[in-house]
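Single-structure report; data block below.
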There are 2 protein chains.
Amino acid sequence: MLRLSKLTDYATVLLAYMAKTNSHLHTALELSEATAIHLPTVSKVMKVLSKAGLVYAIRGSKGGYQLAQVPEQITVASIIGALEGPVAITECSAQTHDCEQASACEIKGNWGVVNRAIVNVLESITLADMMVTQQQYSSAEIQVSWQGLSR
Amino acid sequence: MLRLSKLTDYATVLLAYMAKTNSHLHTALELSEATAIHLPTVSKVMKVLSKAGLVYAIRGSKGGYQLAQVPEQITVASIIGALEGPVAITECSAQTHDCEQASACEIKGNWGVVNRAIVNVLESITLADMMVTQQQYSSAEIQVSWQGLSR
DNA sequence: TTATACAGTACCAATTTAGTCCTATATTGA
DNA sequence: TCAATATAGGACTAAATTGGTACTGTATAA
Ligand code: FES
Ligand code: FES
């Protein structure tokens, strides 16, 4: 149902924690303890974020991770892009797809428009936005979770 | 990568075809031939759309399917909803989720905001919008597909 | 040289999705 | 009433994806 992967969710939680205190380096172990995400999973996610250039990684003892940009410059779209690749809600919304018989299709090109609209939303939301405290809703409303992630 | 299921894509193609000539009933066989989606798959999708109330279904000989509303009233969000349930980009953006330790999370509630923004986009786009002819892009741009669906 | 911490990759289990098929039910018309 | 037509509702399997873990390699500091 138009779901992001759990790894993307983990990544956002980890980056948000790092953003809070970005003065020092964060080891994978520290991140794991602070977020209650299992260490192997933290490692996996951080490696991907490092490769994508969203965080700096320093090896060796006294090493760790640090945000590569300020939270205001890290968009949700870039986090998703790092973990899952470019957003493409359907095969037809992707740029690289090849199709000979598209002439017969009634909705040709329109998924691309929808996709663009969603990407615009995701590019407009930054890590800093994600750290704003949201009001708590009653149980009938949005029930947020954190434990749910590490299930 | 924030992907809709293929069935949702099929459903949109089928509904768009039906919208073109909604004066008569469309049998699953006719829809299959017009869209080149295999008949069993067409049946599966139409059953779901019927159950969701997006199309009327009439059984027996001379039976078939017909849109339950005009294309301007059928939103992309409702099509997704019929096939995949409500849009929930993460577990934390769902309404029904239960979490005891959310107090520790840095991004608590924010996925719900992002989710809402995406739902707003999807609710603003109708089947009629999806039928607007889009300009053809060069191969470097969006490459639309129709055959890709039935792969 | 040793301990620490990230990098890269391979791997498996669990889940989800796509696709097909079978039986039941409703409708029409001969 | 019977036969033909079409949808309804499940059940089922194969394929693909995802989530999670483990192992080996490399860089750094003391
Ligand atoms: S991700 Fe933090 S409350 Fe769900
Ligand atoms: S769905 Fe891809 S061109 Fe129609």
Side-chain angles (χ1 to χ4, degrees), chain A residues 1-11 13-14 18 24-33 35-66 68 80 82-85 88-91 148-151, chain B residues 1-11 13-14 18 24-33 35-66 68 80 82-85 88-91 148-151:
Chain A
M1 27 12 210
L2 210 73
R3 191 58 75 99
L4 293 172
S5 78
K6 285 195 178 186
L7 294 189
T8 302
D9 205 339
Y10 294 146
V13 172
L14 290 167
M18 290 174 69
H24 70 288
L25 293 176
H26 304 268
T27 67
L29 182 60
E30 180 207 339
L31 293 171
S32 171
E33 286 169 350
T35 59
I37 300 168
H38 293 346
L39 180 55
T41 302
V42 171
S43 292
K44 183 175 189 170
V45 170
M46 294 312 295
K47 277 179 260 187
V48 175
L49 292 176
S50 168
K51 193 160 196 178
L54 287 170
V55 300
Y56 291 132
I58 293 163
R59 295 214 239 187
S61 63
K62 309 280 175 181
Y65 297 98
Q66 192 165 29
I80 297 173
L83 274 293
E84 314 183 24
I89 59 170
T90 65
E91 238 167 318
L149 286 179
S150 36
R151 249 201 318 128
Chain B
M1 41 331 235
L2 210 74
R3 189 60 73 102
L4 293 171
S5 79
K6 286 195 179 187
L7 294 189
T8 302
D9 204 340
Y10 294 146
V13 171
L14 290 167
M18 289 174 70
H24 71 287
L25 292 177
H26 304 268
T27 67
L29 182 61
E30 180 207 337
L31 293 171
S32 171
E33 287 168 349
T35 59
I37 300 167
H38 293 346
L39 179 55
T41 303
V42 171
S43 292
K44 183 174 190 170
V45 170
M46 294 312 296
K47 274 180 262 186
V48 174
L49 292 176
S50 167
K51 193 159 195 178
L54 287 172
V55 301
Y56 291 131
I58 294 163
R59 294 214 241 189
S61 61
K62 310 276 174 187
Y65 297 99
Q66 194 165 28
I80 297 173
L83 275 291
E84 316 182 23
I89 59 170
T90 64
E91 236 167 316
L149 285 179
S150 36
R151 245 198 324 127

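Residue numbers begin at 1 in each chain, while the letters A, B, ... track the order of the sequences. All figures in this text were calculated on a predicted structure; none of them were measured in a lab.
- The rotation axes computed at either terminus of the helix from C:dT1-D:dA30 to C:dA30-D:dT1 lie 10° apart, taking five pairs at each end and rounding to 10 degrees.
- In the interface, the side chain of B:Lys62 is not paired with the base of C:dG29 through any donor and acceptor atom under 3.5 Å apart.
- Contact annotation: A:Thr27 side-chain N/O to C:dC6 OP1/OP2 distance is not under 4.0 Å.
- Distance CZ (B:Arg3) to C1' (D:dA16): 12 Å, rounded to an integer number of Å.
- Residue B:Val45 forms a side chain to side chain contact (heavy atoms under 4.5 Å, CB included) with just one option from B:Leu49, B:Val42, B:Val48, and that option is B:Leu49.
- The shortest side-chain heavy-atom distance between A:Glu84 and B:Arg3 does not fall under the 4.5 Å cut-off.
- Summarising the geometry, the separation between CD on A:Glu30 and P on C:dC6 is reported as 10 Å, rounded to the nearest angstrom.
- Atom-to-atom distance recorded for A:Thr35:OG1 and A:Tyr10:OH is 9.5 Å, nearest 0.5 angstrom.
- If B:His26 and A:Leu39 are placed on DNA chain D by their nearest nucleotide, the residue sitting closer to the 5' end is B:His26.
- Applying the 4.0 Å criterion to OP1 and OP2 of C:dA7, one finds that A:Tyr65 has a side-chain N or O inside that range.
- Of all heavy-atom pairs spanning B:Gly53 and B:Ala68, the tightest one is O-CB, 3.3 Å.
- In this structure, the separation between OG on A:Ser32 and CE on A:Met46 is 12.0 Å, given to the nearest 0.5 Å.
- Residue A:Ser43 is the one, among B:Thr41 and A:Ser43, whose nearest nucleotide of DNA chain C lies closer to the 5' end (criterion: closest heavy atom).
- In this structure, the CG atom of A:Leu49 is 13 Å from the P atom of C:dC6, given to the nearest Å.
- Taking every heavy atom of both residues into account, A:Met18 and A:His26 meet most closely at O-NE2, 3.6 Å.
- Put simply, CG on B:Leu54 and CG on B:Leu83 are 9.0 Å apart, with the number rounded to the nearest 0.5 Å.
- Close to D:dT18, at under 4.0 Å from its OP1 or OP2, lies no side-chain N or O of A:Tyr10.
- When the P atom of D:dG19 is taken as reference, atom CD of B:Glu91 falls 10 Å away, rounded to whole Å.
- Rounding to whole angstrom units, OH of residue A:Tyr56 and C1' of C:dA7 are separated by 18 Å.
- Annotation: side-chain contact (heavy atoms from CB on, under 4.5 Å) contacts of A:Glu33 (sequence neighbours excluded): A:Leu29.
- We find the CG-CD1 distance between B:Leu2 and A:Ile80 to be 6.0 Å, quoted to the nearest 0.5 Å.
- With D:dG10, D:dG19, D:dA22 as the choices, the nucleotide that has an atom nearest any side-chain atom of A:Lys47 turns out to be D:dA22.
- Atom P of nucleotide D:dT18 and atom CG of A:Asp9 are separated by 15 Å, given to the nearest angstrom.
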Interface polar pairs with nucleotides 12-17 of chain C, N/O, under 3.5 angstrom:
none

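- To the nearest 0.5 Å, atoms OG1 (B:Thr41) and CG (B:Leu31) are separated by 12.5 Å.
- Between the side chain of B:Lys44 and the base of C:dG19, at least one donor-acceptor pair of N or O atoms lies under 3.5 Å.
- Between the P atom of D:dT18 and the CD1 atom of A:Ile80 lies a distance of 13 Å, rounded to the nearest Å.
- The distance between atom NZ of B:Lys51 and atom C1' of D:dA8, rounded to the nearest whole Å, is 9 Å.
- To the nearest 0.5 angstrom, A:Leu4 atom CG is 5.0 Å from B:Ile89 atom CD1.
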Collect all protein-nucleotide pairs involving nucleotides 24-26 of chain C in which both atoms are nitrogen or oxygen and the distance is under 3.5 Å.
| from | atom 1 | to | atom 2 | distance (Å) |
| --- | --- | --- | --- | --- |
| C:dT25 | O2 | B:Arg59 | NH1 | 3.0 |

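- Residue A:Ile58 is classed as a sugar-phosphate contact, given heavy-atom separations below 4.0 Å to backbone atoms only.
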